[in-house]
Number of protein chains: 2
Amino acid sequence: MDPHLLRTFLAVAETGSFSAAAQRLQYTQSAVSQHVAALEADLGTPLFTRRPVALTPAGERLRRHAELLLVRLEAARADVTRAVAPPGRLVLGLTPLAWAVPVAAALATIRAESARLRTRVRVAARDRIVEAVATGEVDLGLVDGFTAPSDPLRLPEPGAGGPRSVGVGESPAVVAVPSAHPLARRRAVDLADLADAYWIDAPDVAPFARLPVDGLRAGVRYDGTDAAVLAGLVAGGHGLAVLPLPLVSAHPGLTGVPVGTPRLVHRVELLRLPAVAPDEPAERLAHLLTAPT
Amino acid sequence: MDPHLLRTFLAVAETGSFSAAAQRLQYTQSAVSQHVAALEADLGTPLFTRRPVALTPAGERLRRHAELLLVRLEAARADVTRAVAPPGRLVLGLTPLAWAVPVAAALATIRAESARLRTRVRVAARDRIVEAVATGEVDLGLVDGFTAPSDPLRLPEPGAGGPRSVGVGESPAVVAVPSAHPLARRRAVDLADLADAYWIDAPDVAPFARLPVDGLRAGVRYDGTDAAVLAGLVAGGHGLAVLPLPLVSAHPGLTGVPVGTPRLVHRVELLRLPAVAPDEPAERLAHLLTAPT
DNA sequence: CAATTTTACGGGCTTCGTAATAATG
DNA sequence: CATTATTACGAAGCCCGTAAAATTG
C-alpha cells in the first residue's frame, strides 16, 4: 500500500492499460506490471482483469479509497509546509458561476491585492476546486451550487484538518428561458412541471444532475466552463437551465423565471484551509469576502 | 511521506523520545533518527525540538494528519480484503452505554448468532469504535451519545467509503441523582441550573465535556468503561451524571430527573461499512437491529 | 502475428543495523 | 558523565530498466 503503488494503480485504472499508464508516469511497462503485482500480492486478490484491462470489484473498491488517500496525503503535505512558509502568492479557485455572479463586489479588492501579490485565478468544476483547496494548490476557493435556502452546500469530505467553508452569498435560483419563450411571462414555475422541456446539461457549470428533481432530460450538453456561453445557448433556444438570477438578468435576451418548488437558491461558499497567520494574503481577502457589506 | 515514516513519526510524537519509539517499533534509535530526518528533509522543516523532544508547530500539524492518514490506509485495506472474503466471524463494537441500555432486545439475536459464528464483543470509547469499524477490526458498531431529539450523532469522519450510521434507538436523557437527593422529587431540571452541583466525568462512558452546556465542573473522574460502576458512583453520592433513563431506572437507589433544557435525548446509532454480501453475518444482524420492533 | 503483459535478471539506490561521535542537562 | 540524538559506513534488500518469454485477441 505504498503511495507510489497506489499512484500507478490509479493510472492503470484510468487509462485501462499498463503501457499507457507507464507512459503517463514515465515508467516502463515492466515497472507498472511489478507495481500492480505487488499490490495484488499484498492484498491477496486480483485488482484487474487482463485483456481487456478492467477493474475487478475489489479493484473498484481500492480505486475509490486510493483517490481519496492520495489527495489527503498531498493535503497533509500542503498543510504542513504552509504552516512553515505561508505562500507569498494568492491563488484563487472559482467555479464558473461563483465567478460570474456574486463576487463582483470583491473584484476590486482582488485587483488591489493583485497589485501587491502574485495573484492567479483558476476556474474549474466544484469537486476539483475542493480538492485543490485541500492540497494547497489553491489558497481560496469560491464554489457555488443550488440548495435549499440557507442550507449549506454538501461538499465532499469536510474531514478534520481539511478545508472549512462559509457561505458568502445567496441569490434566487431561476429557470433561464429566452425572453420570447411562453414561460417568460410566468411568475414562477415548478421544476417538476418542466420535465417535458429540454434542458442543457453543463456538468462543469451548473450540473443539473445535482438538482433535487429527477427525470429532467438534457437535449444539449455543454462541456466548457464559460457561463456566458451557457447563457448564450439558453438565449439561442437550445434548452433551459437553472441559473442564479443576477447572471440571467445581465444577459440580454434572457428572462429568469423564479423556481417555485422545490425551494431553491443559488449559494456561494468560501472554502479555505485554517488560517496559519493573521497577515496572510488569503486571510485578509477571506475577511473582506465574508464581512457583511 | 512514506507510511512507514509517518508511523515512526507518530511513535516519536507519542512517546516523546526517539529511543522509546525505536523500542516500540522494534527499530534501532538510528533508524528512527533517520526516519525523522527523512521526513524533515522532505517537508523542509523541523518536526521536533530535541532535548526535550517535542513537536514543533509544523510537527503538530503533521501529527493530526498522520493519525488520520494511517487509519484510512488501514481502512482501505480492510474494505478491499473484506470485499474479497467477507469475514466468517462477527465482531461487535459497543460503547458502554450502547451496551447497557438499548440493545437488550437484540441480545437474544446476538446470542443466537453466536451459536453459529465466532462472535466477539468489544467495549470501547466512541472514537475508538468508529475507528475500529472503519478499519474492519469491528464488523458492527453501536455507539451512543446525547443529542437533540432526532438529530444524528456527530461522529468523526463520515468520509466517502467510510462507515455509514443509522439511528437504532433513542431514550430520554435524565440527570441521575441518588433517590434520597432533594432533586429527586423535581419533575424536570435544566442543566444550566446545575452548574453548582458536582458532576462525575466519565470520558469513556458519558463524556460530559460533550454535553451542550458549559461550565459544569467535575468532582470525580471515572476512567473505566463500566456503566454499572458509574451508576454506583452516582448512587453513592459522589456526583451527578447525565444518563439514559432505562439505565437509571434499572439501578436501585437511583432516580432520573428529566432534562428540561436543552432538549436532550440519549441516542444509539448502528455503524458499519457498506455491505458486501447480503448473506453476510453483519448484514443479517444489522437488519434485525434496524428493523422496527 | 501483433500487441501487450509477465518474468528473469542485474545494476544502482535505499534502508536499516552496528558502531563511533556529538550534544546536553 | 550518563543519557540520548546524530553521523559514518557497510551489508542486505528493494526497485526499476533491459530484454526475453508468454499470452491472447
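Quick note on labels: first sequence line is chain A, next is B, and so on, each numbered from 1. Note that this is a predicted model, so its numbers are computed, not measured.
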Single hit among B:Glu60, B:Arg61, B:Arg64, B:Met1 for side chain to side chain contact (heavy atoms under 4.5 Å, CB included) with A:Val80
B:Arg61
Any heavy-atom pair between the side chains of [Y] and [X] that's under 4.5 Å?
X	Y	result
A:Tyr27	A:His35	yes
B:Arg63	B:Phe9	yes
B:Leu142	B:Leu92	no
B:Ser17	B:Val12	no
A:Ile129	A:Leu94	no

Quick check: are there more than 12 heavy atoms from other residues, nucleotides or ligands sitting under 6.0 Å from CD of A:Gln23?
no
Contact class for [X] vs. all strands (heavy atom < 4.0 Å): base, sugar-phosphate, or nothing?
X	value
A:His4	nothing
B:Ser30	base
B:Val53	sugar-phosphate

Position toward the 5' end of DNA chain D (nearest nucleotide), A:Arg50 or A:Thr28
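The residue mapped nearer the 5' terminus is A:Thr28.
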Is the shortest side-chain N to carboxylate O distance from B:Asp204 to B:Arg126 below 4.0 Å?
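No, no charged N to carboxylate O under 4.0 Å.
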Span of DNA chain D, from the first to the last nucleotide whose atoms fall under 4.0 Å of chain A heavy atoms:
D:dC16 to D:dG25
Quick check for you: name the first and last nucleotides of DNA chain C, 5' to 3', having an atom under 4.0 Å from a heavy atom of chain B.
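Nucleotide range with atoms under 4.0 Å of chain B: C:dC16 to C:dG25.
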